[in-house]
Amino acid sequence: MIAAHIVGASGYAAAELIRLLDRHPDVALGTLESESGAGMRVCDVFPLLATFRMQLAGSGAVDAAAQPGDVVFLAGNHEVAHARAASLLARGARVIDLSDAFRLHERANGAVYGLPERYRDALAHANFIANPGCYVTASLLALLPLAPYANDITQIVIDAKSGITGSGRRPALGAMFAEVDGDVRAYGLEGHRHHAEIVQEARALDITAPIFFSPHVVPLKRGILADVYVAFRPGFVIDLAAIRAAVARTYAGSPFVQLLDGVRPPYLPALEGTNDAQIALAARDGLLHVMSGIDNLGKGAAGQAVQNLNCMLGFPEDRALGTDRTALER
């Protein structure tokens with residue numbers, strides 16, 4: 001059994017990690033560290049995890065417990081990741097960071113970017129993984145199949161909506177439910193920190209067109225819907241059947257990506273608690289519309305982190321993630 005430890009174990013993503021890792025047949029939950037929740041039981045911090053009576057440990061507990069070959073999930077903020085990753089790796093532990101500390105190439109410090117649908121082979125040899133965030137994952141799953149059309153794309157607009165858990169368990173005032181209820185609130189109007197990450201990965205696909213990213217928070221607990229609008233050079237004819245075939249090819253063998261048939265859009269309630277992604281396509285007035293839906297705490301955080309663990313350790317990608325599906329039109 002592989003021991004899995006969590007730093008920052010009292011956040012929303014950590015709760016999903018605990019739930020998923022507990023059902024993993026090859027992993028045993030190790031030390032759960034939380035500065036704010038030290039001494040409390042998991043079931044007291046997360047009522048939905050009512051049967052988990054493990055006690056949260058205080059700061060530094062994971063550093064003391066981690067052994068060579070163990071896996072440590074860094075589920076805190078980027079300051080915690082910067083402070084802890086190097087020492088854990090030096091001890092021989094494997095690290096999966098859920099913050100944005102190491103996602104950009106110039107800050108990666110050897111971390112492999114953890115989008116399995118793109119970097120599956122590299123993840124199989126990694127001991128340090130930078131887990132992508134929810135907005136970026138939803139956006140990139142929409143863009144990956146468009147690589148063959150890179151030279152024809154002239155503009156991309158990503159209009160993305162997130163449930164309020166995307167702000168974490170200590171949200172700012174503007175992300176609290178009483179503030180968001182009844183509203184669809186745009187933010188990051190002067191630029192969002194995840195824009196650079198989306199552009200970085202689009203450029204790796206040779207997509208050089210300008211990308212405009214507009215995030216919104218909506219009054220849902222969880223879920224991400226990214227509406228990606230793609231404009232092409234003058235004279236380009238959108239062949240929706242060919243693009244649909246490109247999506248199917250891209251995700252052949254990817255167990256979590258579903259290509260929806262017809263004009264059926266992603267349905268976020270069906271994705272809650274899963275590591276699934278739903279992709280839908282439409283085209284009109286010379287624009288391609290790619291819709292990408294995920295659970296921001298699943299494929300956008302903890303589920304993808306467990307998928308990355310499986311890739312790293314050579315397990316089937318869907319181990320503990322509740323599906324044996326392959327990419328199909330549904």
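Given the structure is predicted, the values throughout are model-derived calculations rather than measurements. Scope of the values below: all heavy atoms of this structure, side chains included, with no hydrogens, waters or symmetry mates.
Other members of the hydrophobic cluster containing Val95, listed by chain and number, are Val7, Val62, Val72, Leu74, Val80, Leu88, Leu89, Phe102, Phe128; membership follows side-chain contacts under 4.5 Å among ILVMFWY residues, whether direct or relayed. Under a 4.5 Å side-chain heavy-atom cut-off, the cluster of Ile, Leu, Val, Met, Phe, Trp and Tyr residues that includes Leu189 has no other member. Cluster note: Val237 groups with no other residue, as no ILVMFWY side-chain heavy atom lies under 4.5 Å from it.
Residues Asn296 and Tyr12 have side chains not in contact (no heavy-atom distance under 4.5 Å, counting atoms from C-beta outward). Using a 4.5 Å heavy-atom threshold, the side chains of Asn77 and Ser99 count as separate. By the 4.5 Å heavy-atom criterion applied to side chains, Ile294 and Phe256 are not counted as neighbours. Side-chain contact between Tyr119 and Cys311: absent, with no pair of heavy atoms (C-beta onward) separated by less than 4.5 Å. The side-chain heavy atoms of Ile198 and Glu201, taken from C-beta on, include no pair separated by under 4.5 Å. Considering only heavy atoms from C-beta on, Leu260 stays 4.5 Å or farther from Met291 through its side chain. Under the 4.5 Å side-chain criterion, counting only non-hydrogen atoms from C-beta, Ser292 is not in contact with Val228. The shortest distance between side-chain heavy atoms of Val306 and Val27 does not fall below 4.5 Å.
Distance alone, capped at 3.5 Å, is enough to place a donor-acceptor pair between the Glu33 side chain and the Ala61 backbone. Side-chain atoms of Arg91 come within 3.5 Å of backbone atoms of Asp63 as a donor-acceptor pair (strictly under, hydrogens ignored). Under the 3.5 Å distance criterion, the side-chain polar atoms of Arg23 are matched with a main-chain donor or acceptor of Ala320. Side-chain N or O atoms of Arg203 include one that pairs as donor or acceptor with a backbone N or O of Ile207 at under 3.5 Å.
Arg84 approaches Ser87 most closely through the heavy-atom pair O-OG, 3.1 Å. The two residues Arg319 and Pro25 have their closest heavy-atom pair at CD-CG, 3.5 Å. Pairing each heavy atom of Pro210 with each of Thr154, the nearest pair is CD-O, 3.3 Å. Between Pro148 and Pro145 the shortest heavy-atom distance is CD-O, 3.2 Å. Residues Leu98 and Ala305 come closest through the heavy atom pair CD1-CB, 3.9 Å. For the residue pair Pro116 and Asn308, the shortest heavy atom distance occurs at CG-OD1, 3.3 Å.
Judged as a side chain to side chain donor-acceptor pair (under 3.5 Å), the pairs with a partner in residues 136-151 (not counting sequence neighbours) are, in order, Thr137-Gln304. The stretch residues 277-288 participates, sequence neighbours left out, in no side chain to side chain donor-acceptor pair (under 3.5 Å) pair at all. Judged as a ring pair (Phe, Tyr, Trp, His ring centres under 6.0 Å), the pairs with a partner in residues 199-230 (not counting sequence neighbours) are, in order, Tyr135-Phe213, His192-Phe213, Tyr229-His289. Listed by first and then second residue, the salt bridge (charged side-chain N to carboxylate O under 4.0 Å, His left out) pairs involving residues 223-238 are Asp152-Arg233, Lys161-Asp227 (not counting sequence neighbours).
Val157 and Val199 fall into different hydrophobic clusters, where Ile, Leu, Val, Met, Phe, Trp and Tyr side chains are chained together by heavy-atom contacts under 4.5 Å. Taking hydrophobic clusters as Ile, Leu, Val, Met, Phe, Trp and Tyr residues chained together by side-chain heavy-atom distances below 4.5 Å, Val257 shares a cluster with Leu144. Tracing side-chain contacts under 4.5 Å through hydrophobic residues (I, L, V, M, F, W, Y), one reaches Ile279 starting from Ile153; they form part of the same cluster. By the rule that hydrophobic residues join a cluster once side-chain heavy atoms approach within less than 4.5 Å of another member, Phe46 and Phe73 end up as members of one cluster. Transitive grouping of hydrophobic side chains (ILVMFWY, heavy atoms separated by less than 4.5 Å) brings Ile2 and Leu309 into a common cluster.
In this structure, the ring-ring contact (aromatic ring centres under 6.0 Å, His included) partners of His24, at least two apart in sequence or on a different chain, are Phe315. Remark: Asp70 engages no residue in a salt bridge (charged side-chain N to carboxylate O under 4.0 Å, His left out) (not counting sequence neighbours). By the salt bridge (charged side-chain N to carboxylate O under 4.0 Å, His left out) test, Asp239 is found to be paired with no residue, residues two or more places apart in sequence or in another chain being considered.
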Could you go through Arg118 and Leu140, starting from their C-alpha distance and side-chain angles, then the distance that decides it, and tell me whether this counts as side-chain contact (heavy atoms from CB on, under 4.5 Å)?
CA-CA 9 Å; Arg118 169 72 169 150; Leu140 293 180; over 6 Å; no

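Between Asp100 and Arg103 there is no salt bridge, since no side-chain N of the basic residue sits under 4.0 Å from a carboxylate O of the acidic one. Between Arg19 and Asp22 there is no salt bridge, since no side-chain N of the basic residue sits under 4.0 Å from a carboxylate O of the acidic one.
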Could you list the donor-acceptor pairs under 3.5 angstrom formed by side chains in residues 105-115, with sequence neighbours left out?
unit_1, atom_1, unit_2, atom_2, d
Tyr113, OH, Glu197, OE2, 2.6

Please report, to 0.1 Å, the donor-acceptor pairs under 3.5 Å made by any side chain of residues 49-57, with sequence neighbours excluded.
unit_1, atom_1, unit_2, atom_2, d
Gln55, NE2, Gly39, O, 3.2

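The distance from atom OG1 of Thr165 to atom NZ of Lys221, rounded to the nearest 0.5 Å, is 9.0 Å. Annotation: the span from Leu281 atom CG to Ile243 atom CD1 amounts to 7.0 Å, rounded to 0.5 Å. In this structure, Leu20 CG and Leu17 CG are separated by 7.0 Å, a value rounded to the nearest 0.5 Å. Separating the NE2 atom in His5 from the OG1 atom in Thr31 is a distance of 5.5 Å, to the nearest 0.5 Å.
Ring geometry, Phe232 versus Phe236: the interplanar angle falls under 30°, so the pair is classed parallel (tilted spans 30 to 60°).
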